[in-house]
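The structure appears below as structure tokens.
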Amino acid sequence: MNRTHLAALSRVELTLFLRSKSNLFNVLVIPVLIVMGTTTVMRQFDLKGAGLAMGHVMVSTTAGIVLIMALYAPLIGVYVLRREEYVLKRQRTGEIGDLVILASPAVPMAIAAVLQFTAIAAAVALIAGLGAPAAPHLVAVGVLLGTVLIAAAAALSTAFARTAESAQGVSTVGFMLLLVTSGTVVPLEVLPGPFADVLRFFPLTPVIELVRSGWTGEGAGMVDSVVRGATLLAWTALAAWGALRRFRWEPRA
Amino acid sequence: MLRMTNDGNSNVIEVTDLWRRYGPPGPGGFDAVRGIGFTVGRGELYALLGTNGAGKTSAVELLEGLARPTRGTVTLFGRFDPVRDRRRVRPRTGVMLQRGGFPTDLTVAETVRMWASCTTDPRPAAEAVALVGLAARTDVAVKNLSGGEVRRLDLALATLGRPDLLFLDEPTTGMDPEGRHDTWRIIRRLRAEGTTIVLTTHYLEEAEQLADRLAVMHAGRIAATGTISDIVAEHPSTLAFRLPAGLTPADLPHPADLRASVATAPAGPAGRVELATDDLQHTTTEVLLWARAKGVALHQLDARSASLEEAFLRIARRRADGPGADDTGTDGTGTEQAA
């Protein structure tokens with residue numbers, strides 16, 4: 001990947017991001033509202049009985065919601081719109097590599113998502129009196145790898161969207177699947193054991209578990225962390241491979 | 001300034017037995033490009049003409065490296081495959097797509113700067129926009145440009161890197177006459193500077209004005225190729241007139257004596273006759289001598305040499321006769337089309 005090209009295009013993408021009021025609203029406001037709404041959902045579960053603290057659950061939930069709402073959903077919209085308006089095809093005629101074309105629109109959203117997670121998680125920690133993360137490197141690895149995974153998943157998802165309108169449907173299905181299979185809105189600890197064991201190997205679950213274990217220090221041992229990291233990397237590689245194979249650069253004829 | 005394009009080979013583009021298929025093999029698929037072949041020399045302007053759906057854009061996209069051919073080869077600058085060697089080819093090529101988009105919230109200047117930041121040795125942005133006549137519109141958002149201005153911006157980006165090889169896919173579509181002539185002026189200037197240009201167009205005048213050589217595509221094949229003179233020479237001239245009442249084409253001298261074939265014009269007025277001939281002077285002389293000898297007046301007499309338009313229309317009409325009508329692929333003109 002040409003870093004000069006990526007930096008140049010990312011600057012342009014940041015300009016475009018800041019000029020789009022709807023994007024700013026979707027990326028900066030919607031996730032906050034959903035995180036706040038999710039606290040009500042979490043109160044329905046017996047978290048204490050599952051050995052969980054509400055504050056810790058909300059921190060990891062924030063990671064999932066922010067990655068899905070601030071990165072996955074809007075990025076699908078941007079990719080499909082650019083494809084339908086022949087912007088991607090035009091970019092491919094120049095010296096810019098395919099990976100840079102795909103990565104650059106994700107950069108401002110990824111930065112916004114990471115900053116947003118940091119701010120909301122800090123606020124939750126302050127309100128719930130959680131203190132600093134026990135293993136901050138695991139939190140960082142989870143969020144950063146999760147960012148790459150979600151960007152690749154967004155690119156792959158566009159293969160199933162024929163138009164800008166259908167992109168909304170595809171992103172809705174995608175983020176619902178990611179939310180309910182990852183422990184983001186329903187902690188795996190309150191689910192039946194065998195079912196939760198299977199979900200631990202779903203794409204976004206390692207992000208939630210790395211963030212939570214990184215904050216609590218529980219389950220932050222080498223073996224558990226490596227398994228989660230490897231699972232996350234495997235899904236990221238699979239999504240990236242699928243995206244590079246299936247991504248369409250121009251509208252269907 | 002022209003950079004060296006290859007090692008001793010004067011052809012910048014070599015295309016051999018090129019096929020492009022959409023859809024699956026077998027009956028469900030469609031061959032948009034069917035075994036074309038041609039070469040384009042350094043500094044040459046080569047035009048691809050054709051009706052809509054003839055396969056021009058599908059063919060050019062293979063040359064640009066935007067798609068892989070189903071079969072056949074494209075070689076650029078003597079040794080590069082445009083897909084496999086994309087990194088080496090792209091700094092030396094410029095592309096103006098038939099439909100190319102830009103982020104609409106950027107201004108003209110921002111768009112050019114963005115493209116320049118990802119281009120090897122670009123022209124200064126001010127020079128690029130001035131070249132295409134957009135110097136007064138640099139602060140205007142792309143979404144507020146007219147269709148013709150967007151095409152000019154597209155051309156500015158295509159020429160930003162001073163390419164050795166430039167692909168222009170219907171560059172003047174959507175432009176007003178002034179814009180079209182301005183674009184032709186720019187294309188002539190680029191060609192004079194040594195740029196090799198592949199131009200697709202359905203404007204015959206554009207091809208006549210600009211092309212050194214051209215190919216007429218029809219149903220995915222090259223139906224005619226060569227210089228305009230070569231192509232026109234392969235098509236007959238026409239002598240048309242209206243016979244007076246009481247005379248029929250059978251009363252004319254024998255076609256062999258006229259060196260022409262006789263056809264009545266079905267859509268024209270009664271008595272209208274068209275003679276197709278490769279020797280317009282001889283045919284006209286014979287018909288006029290016959291008319292004088294008979295003492296008849298030929299109304300609406302019209303002697304017309306073949307033109308590119310007529311040649312093009314004859315090729316295009318084959319489509320109406322059915323896509324399989326020219327399945328042999330060529331009509332015998334030129335020498336470069338695929339076997």
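Reckoned from all heavy atoms, side chains included, excluding hydrogens, waters and symmetry mates. Protein chains get the first letters and strands the later ones, always in sequence-line order, with residue 1 at the start of each.
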Query raised in the report: Which bit of B:Leu160 is near chain A, if near means a heavy-atom gap under 4.5 Å: side chain, backbone, both or neither?
Result: neither
Requested in this report: Taking the six-membered ring of B:Phe77 (Phe, Tyr or Trp), confirm whether the NZ or CZ of B:Arg92 is under 6.0 Å from its centre and within 45° of its axis.
Outcome: yes
Query raised in the report: Are there more than 12 heavy atoms of other residues, nucleotides or ligands under 6.0 Å from atom CZ of A:Arg19?
Result: yes
Query raised in the report: With a 4.5 angstrom heavy-atom cut-off, which part of B:Arg86 approaches chain A: side chain, backbone, both or neither?
Result: side chain
Requested in this report: Would you mind checking if B:Glu64 and A:Arg90 are paired as a salt bridge, meaning a charged N to carboxylate O distance below 4.0 Å?
Outcome: no
**Report entry** Contact class of B:Gln98 relative to chain A, heavy atoms under 4.5 angstrom
**Finding:** neither
Query raised in the report: What option among A:Leu16, A:Thr4, A:Thr15, A:Leu81 has the most heavy-atom pairs under 4.5 Å with chain B?
Result: A:Leu16
Query raised in the report: Any chance the side chains of B:Thr201 and B:Glu206 put a donor and an acceptor closer than 3.5 Å?
Result: yes
Query - Separation of A:Leu33 CG from A:Phe25 CZ (nearest 0.5 Å) - result: 6.5 Å
Report task. Name the option with the most non-hydrogen atom pairs under 4.5 Å to chain A; the candidates are B:Met96, B:Arg99, B:Arg87. Result -> B:Arg99
